[in-house]
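Here's the structure, in structure tokens; my notes come after.
Every number for a ligand or one of its atoms is a count from 1 in the order of the listing.
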Amino acid sequence: MNILVTGGAGYIGSHAVRKLLEAGHLVVVLDNLSYGHRDAVPNEIPFYKVDLKETDRIEEILRKHNIEAVMHFAALISVGESVQKPLLYYRNNTAGAMSLLEAMERVGVKRFVFSSTAATYGEPEETPIFETTKQLPINPYGRSKWFVEQILRDIAVSDSEFGFVAFRYFNVAGADGSIGEDHQPETHLIPLVLFAVMGKRDKITVFGTDYPTPDGTCIRDYVHVNDLVTAHVLGIEALSNGDARFYNLGIGRGYSVREILDAAKNVTGQEIPTVLGSRREGDPARLFANSDKVQKELGWQPQHTNIEEVIASAWHWHTTHPNGYQEPETSSLPK
Ligand code: UFG
């Protein structure tokens, strides 16, 4: 299939590009490089530095490459920032997806894979979380994605040839050798823990130790990025006319922050400089998925269910790329 990947220079998008190429698809990448890294995309595939709001440019790209399906990763991802700058999130995540969908409509591209999020559930009313669990997002980030889910449902009703799958991600982690996570700024637990071991940060702060969980810290469901993108390949290959599919992507088991720290200590063989802090606003105590639906319907089977293995793959990436995609400062010679 000829597939356009938006956000293909980002953390998850770049892993998806690699997996799609391995599966024999033709891939074209679109990314505005506001957060993505050109070096995360193989040189031999077509790359366009284009923003989602450039509907006409996207239309041209879709036509030029006879695109049959779109995998849409490009989005802003920081919950805290979304609370400060809601319009930025609605413009990028919601209006951006609408612009892309409009370009697809003009050209007649009928297959769409969407990166949604567990944040669309908000404070879930049950755990594990099922696809049928009530969605009540509690911040603009979650709502910006939830709106796109609703738009997709409406498009599927209006056009019987359209088919989409929306994956609701839990906590994505790990890396695949020469590509990995490089967010600026980094806010996620696992990279920050590893940065503390590497001395890139002086410590990790545990956000809250008084949650109603066995050890008092928050529980999350960490899914390896390669498992996550494998589901996307299965999804895009399974789509047919009229599909409106929603799947949780998590491994169905939660780990607390303390368990992550213990696992990171085992993986790195080093003490983690840790400080116990207060709660971060908006953090639900426990989030983990029931992902039976995607396993049953797409035959997805996560391969990396051991948290130490997930952290080890991230550790490998960070220690081999201590500055992420940035070249290390090579010269201290005067200019
Ligand atoms: N945490 C710390 N210290 C830190 C960073 C995180 O204790 O320095 C804790 C958090 O409080 C949370 C857990 O580690 O309990 C995981 O935090 P992350 O920031 O890594 O991830 P989140 O669970 O907050 O968010 C992730 C995605 C979001 C998505 C959300 C949906 O990053 O984009 O899952 O569940 F919205």
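Closest to atom 11 (O) of ligand 1 among all protein heavy atoms lies Asp283 OD2, 2.6 Å. Protein heavy atom in closest approach to atom 31 (C) of ligand 1: Ala119 N, 3.6 Å. Closest to atom 9 (C) of ligand 1, if we only count protein heavy atoms, is Val257 CG2, 3.8 Å. Ranking the protein heavy atoms by distance from atom 7 (O) of ligand 1 puts Phe207 N, 2.8 Å first. The nearest heavy-atom contact from the protein to atom 19 (O) of ligand 1 is Arg280 NH2, 3.1 Å. Nearest non-hydrogen protein atom to atom 21 (O) of ligand 1 is Asn171 ND2, 3.1 Å. Atom 3 (N) of ligand 1 has as its closest protein heavy atom Thr205 O, 2.7 Å. Atom 35 (O) of ligand 1 has its closest protein heavy atom at Leu287 CD1, 3.2 Å.
Side-chain atoms of Arg168 and Phe114, non-hydrogen and from C-beta on, never get closer than 4.5 Å to each other. Taking 4.5 Å as the limit, every side-chain heavy atom of Leu228 sits out of range of all side-chain heavy atoms of Trp300. For the pair Leu261 and Thr217, the minimum side-chain heavy-atom distance is 4.5 Å or more.
For the ligand labelled ligand 1, residue Tyr222 lies inside the 4.0 Å heavy-atom shell.
Between Phe147 and Tyr90, the ring planes are tilted. Angles from 30° to 60° get that label. Using the six-membered ring where Trp is involved, His183 and His188 have ring planes that are tilted, between 30° and 60° apart. In this structure, Tyr255 and Tyr222 have tilted ring planes: the angle between them lies in the 30° to 60° band.
For ligand 1, the atoms lying closer than 4.0 Å to a non-hydrogen atom of Leu192 are 8 (O). Of all atoms in ligand 1, numbered sequentially from 1 with element shown, those under 4.0 Å from a heavy atom of Thr187 are 5 (C), 19 (O). Under a 4.0 Å criterion applied to the non-hydrogen atoms of Val206, ligand 1 contributes the atoms 7 (O). Of all atoms in ligand 1, listed by their number and element, those nearer than 4.0 Å to a heavy atom of Thr117 are 29 (C), 31 (C), 36 (F).
For the 3.5 Å distance criterion, the side chains of Asn266 and Glu308 qualify, holding a donor opposite an acceptor. Using modelled atom types and a 3.5 Å distance limit, the side chains of Arg245 and Tyr247 yield a donor-acceptor pair.
Summarising the geometry, atom CG belonging to Leu30 is positioned 8.0 Å from atom CZ belonging to Phe47; distances are rounded to the nearest 0.5 Å. Annotation: the span from Glu105 atom CD to Ile155 atom CD1 amounts to 7.0 Å, rounded to 0.5 Å. Note: Lys145 NZ to Ser82 OG = 11.5 Å, rounded to the nearest 0.5 Å.
With atom 15 (O) of ligand 1 as the reference point, the heavy atom nearest to it among Ala289, Cys218, Gly142 is part of Cys218. Of all the listed residues (His188, Glu186, Lys145), His188 holds the heavy atom that lies closest to atom 27 (C) of ligand 1.
Using a 4.0 Å cut-off between heavy atoms, Ile77 contacts ligand 1 through its backbone alone, with no side-chain atom that close. Under 4.0 angstrom from ligand 1, the non-hydrogen atoms of Arg220 all belong to its side chain. Within the 4.0 Å heavy-atom criterion, the part of Tyr141 lying near ligand 1 is the side chain and not the backbone. If you look at Ile190 next to ligand 1, there are no close heavy atoms at all, none under 4.0 Å. Residue contacts with ligand 1 for Val172 are absent, since no atom lies close enough (heavy atoms, distance under 4.0 Å).
Among the atoms of Leu189, some N or O lies under 3.5 angstrom from an N or O of ligand 1.
Here Trp317 and Tyr325 bring their ring centres to under 6.0 angstrom of each other.
Applying the side chain to side chain contact (heavy atoms under 4.5 Å, CB included) test between Met71 and each of Ile12, Thr6, Val17, Leu20 identifies Leu20 as the sole match.
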